[in-house]
Number of protein chains: 2
Amino acid sequence: MITINDIAKLAGVSRTTVSRVINNSGYISEKSRKRVMDAIAETGFVPSQHAKSLRTKQTKIIGVILPKISTDTSSRTVDGMTEVFEAQGYQILLTRTNLDREKEIEHLRLLQNRQVDGIILIATNTSQELVDEIKDSKVPVVVVGQEIHDVPSIIFDDYAAARHMTQLMIEKGRRHIGYIGVDEEDRSVGVLRKQGYTDAMAAHGLHMEDAWIQKGDFSIDSGYAAMERMMLASYERLDAVFAATDRMGLGAWKYLKRHGFDIPGDIAVVGIGASETSHFIDPALTTIEYAHAQAGRESALVMLQVLQDEKEFCDKKVLDFNLVERDSL
Amino acid sequence: MITINDIAKLAGVSRTTVSRVINNSGYISEKSRKRVMDAIAETGFVPSQHAKSLRTKQTKIIGVILPKISTDTSSRTVDGMTEVFEAQGYQILLTRTNLDREKEIEHLRLLQNRQVDGIILIATNTSQELVDEIKDSKVPVVVVGQEIHDVPSIIFDDYAAARHMTQLMIEKGRRHIGYIGVDEEDRSVGVLRKQGYTDAMAAHGLHMEDAWIQKGDFSIDSGYAAMERMMLASYERLDAVFAATDRMGLGAWKYLKRHGFDIPGDIAVVGIGASETSHFIDPALTTIEYAHAQAGRESALVMLQVLQDEKEFCDKKVLDFNLVERDSL
DNA sequence: CTGAAAGCGCTTACAG
DNA sequence: CTGAAAGCGCTTACAG
């Protein structure tokens with residue numbers, strides 16, 4: 001391995017000088033600079049980031065914890081983050097939890113070992129353990145998708161979005177509206193979206209059967225199964241179903257198509273997420289678009305800010321949503 | 001920051017001893033171990049990975065270079081890699097090139113600075129510069145998606161897949177078959193798939209008009225535009241179109257639907273990739289499934305092997321493909 | 001404009 | 001079973 005010492009020797013200067021030209025800091029004569037540059041070019045020397053980090057306590061690496069890699073939500077978010085980090089010379093260390101809550105905590109620890117400068121967590125719950133772990137973190141943490149008190153968070157207005165969507169269905173004359181949600185440990189998706197739905201229903205004096213509220217696990221298949229349970233168990237005839245995520249909505253959609261229902265004639269299907277697939281199916285899914293790429297960008301921006309100012313930036317940032325009316329309602 | 005020295009002091013032992021218990025190496029009395037463990041628990045000490053890497057020359061981080069983050073191909077591949085790396089305690093440093101060839105080279109360099117243990121490159125070209133850069137790399141490189149001589153590569157049999165698909169169209173009675181490809185700098189997708197198509201056509205003595213062969217840039221929109229050009233410029237009536245990727249196929253499909261063509265009655269559309277969306281559209285896209293997750297897993301396995309044996313593992317591995325017949329042909 | 005020296009937090013022969 | 005010491009490759013006051 002070739003080191004700064006080799007370059008110093010080759011260029012006939014001290015390693016201090018080499019360090020200066022590498023980092024472009026302090027005064028340096030043109031002559032020295034050139035000799036060092038030549039030596040570097042000749043040898044293909046690249047400075048060791050570890051030695052550097054050991055001194056400077058800075059790695060220019062941001063750890064990112066995601067629930068799943070292969071979903072539209074994750075990839076759009078990461079895409080947005082990459083955009084701003086790249087321009088600042090930061091890189092991203094990626095880990096996934098596969099929706100395992102324990103792993104969120106485990107990865108939070110692991111990433112600190114890696115001495116990342118900061119951690120962005122796409123969170124799926126707000127358990128006390130998680131909160132404690134975040135608060136104990138030696139490096140700044142920014143959370144996306146869940147609101148955590150005293151921690152900078154980028155969130156969407158899940159309650160308003162779900163309420164808005166439910167309202168829309170009611171305005172369009174739907175009365176018997178089912179709901180496919182997720183576990184309530186996920187506050188944003190499991191609690192707030194559901195509440196938006198139930199509140200809107202209640203506000204209009206609409207009754208909900210127990211069987212109308214089903215749970216999935218974010219997957220397409222679970223949406224399919226939830227839809228099936230709903231149809232089999234419900235006493236009154238449903239005329240609409242609201243899935244908390246597009247993927248589960250897709251599953252419901254598939255079940256209904258396969259069983260000969262007319263969408264939206266017999267029953268409407270709507271989701272949240274504006275996934276790519278939701279746009280191409282026929283009838284195309286009415287859904288709500290979240291600006292995931294923007295959430296990624298914002299989270300990166302906030303991280304950069306915290307990193308620079310050192311001051312605790314504890315705000316939350318609520319991003320807009322956008323109703324995408326298509327043909328399934 | 002709390003360091004190994006603090007622990008040593010607290011536990012009343014030398015830092016050598018602390019190092020031993022951290023790494024579980026060498027003999028150690030139960031008494032010493034316990035005192036060190038207690039001190040660690042009490043302080044929440046985590047060893048600096050940088051200091052460690054500086055000594056051991058090992059980081060347990062693998063750099064991954066992707067063209068795009070938010071595509072099914074990338075996310076499935078990364079998902080597969082993560083699966084095997086995670087079990088071995090490796091983590092992934094992610095970078096994307098946005099299909100910019102220069103960035104592939106730039107990131108190759110950047111990642112070496114980061115002192116990653118190895119680099120997995122999802123390549124989109126096989127230019128001499130890229131090959132040179134790979135050969136110069138100080139850390140092992142594994143390539144996915146392109147075959148590069150003397151570098152371990154995980155590839156798909158693009159030629160056979162495309163030829164097979166074209167054959168199928170011909171067997172089904174199609175004679176006027178258009179093709180939407182990509183730039184030929186991409187050997188796998190741009191050259192081999194196209195050749196599979198032209199060879200199959202030629203083998204059956206089928207004529208191809210110039211206008212039948214169009215290029216896109218992997219995006220859905222580019223597929224749409226290519227389809228449009230093809231329809232406008234071609235003299236004879238097409239009865240099928242083969243897109244080199246599902247995304248472009250989706251674009252073509254959209255164009256045809258929007259312009260009132262019956263798929264597959266008037267014209268068949270097929271692709272390669274088995275993207276999620278391709279399955280849900282109506283008519284569902286006939287396509288070829290590549291085992292991307294497996295490619296990810298294999299690439300990780302090969303990397304681990306190279307890392308352990310230190311011996312140059314220069315084989316290429318060709319993964320199977322799988323025809324998925326649906327309704328668009 | 002330049003260099004000698006200390007130090008970042010670890011690991012690893014070596015000696016006991 | 002344990003510790004003193006050297007060294008990994010850098011950066012950064014400090015002195016000149």
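Values in this document were obtained by computation on a predicted structure and should not be read as measured data. Below, chains carry the letters A, B, ... as their sequence lines are ordered, and counting in each starts from 1.
Taking atom CD1 of B:I28 as the reference point, atom C1' of D:dG3 lies 12 Å away to the nearest angstrom. Atom CD1 in A:I2 sits about 14 Å away from atom C1' in D:dC10, given to the nearest Å. Per the geometry, CD belonging to B:Q49 stands 15 Å off C1' belonging to C:dC8, to the nearest Å. One interatomic measurement links the two molecules: CG of B:N24 to P of C:dT12, which rounds to 13 Å at whole-angstrom precision. Rounded to whole Å, atom C1' of C:dT2 lies 19 Å from atom NZ of A:K9. If you take NE2 of B:H50 and P of D:dT11, they are 14 Å apart, rounded to a whole angstrom. If you measure from atom NZ of B:K52 to atom C1' of C:dC8, you get 17 Å, rounded to the nearest angstrom. Straight-line distance from the NZ atom of A:K57 to the C1' atom of D:dG9: 14 Å, rounded to whole Å.
Closest contact between the side chain of B:L54 and the listed nucleotides C:dG9, D:dC10, D:dG7 involves C:dG9. In the set D:dT11, D:dT2, C:dC10, D:dT2 carries the atom at the smallest distance from any side-chain atom of B:R20. Comparing D:dC1, C:dT11, D:dC10 against the side chain of B:R15 picks out C:dT11 as the nearest. Nearest to the side-chain atoms of B:Y27 among the listed nucleotides D:dC1, D:dC10, C:dG3 stands D:dC1.
Dashed line: the shortest gap from a side-chain N or O of A:S14 to OP1 or OP2 of C:dG3 is under 4.0 Å. At the phosphate of D:dT11, OP1 or OP2 sits under 4.0 Å from a side-chain N or O atom of A:N23. An OP1 or OP2 oxygen of D:dT11 is reached within less than 4.0 angstrom by a side-chain nitrogen or oxygen of A:S19. Distances shown here put every side-chain N or O of B:T17 at or beyond 4.0 Å from the OP1 or OP2 atom of D:dT2.
The side-chain heavy atoms of A:Q91 and B:L110, taken from C-beta on, include a pair separated by under 4.5 Å. In this structure, the side chains of A:I154 and A:L319 come closer than 4.5 Å at one or more pairs of heavy atoms.
Residue contacts for B:T16: at a heavy-atom cut-off of 4.0 Å it reaches a base atom on one of the strands shown.
In this structure, the separation between OG1 on A:T95 and CD on A:E104 is 9.5 Å, given to the nearest 0.5 Å. Interatomic distance, CG of B:L301 versus CD of B:E83, reported as 10.5 Å (0.5 Å rounding).
With a 3.5 Å ceiling on both atom-pair distances, the Watson-Crick or G-U wobble partner of D:dC1 is C:dG16.
In this structure, A:K135 places its NZ atom where more than 12 heavy-atom neighbours from other residues, nucleotides or ligands lie under 6.0 Å away.
Residue-to-nucleotide proximity on DNA chain C shows that, of A:E30 and B:S25, the 5′-proximal contact is made by A:E30. Heavy-atom distances to DNA chain D give each of A:P47 and B:S32 a nearest nucleotide, and the one nearer the 5′ end belongs to B:S32.
Atom C1' of D:dG16 sits at a distance of 16 Å from the matching atom of D:dT12, rounded to the whole Å.
Between the side chain of A:R55 and the base of C:dG9, no donor-acceptor pair of N or O atoms lies under 3.5 Å.
Residues A:S219 and A:D217 have side chains that bring a donor and an acceptor to within less than 3.5 angstrom of each other.
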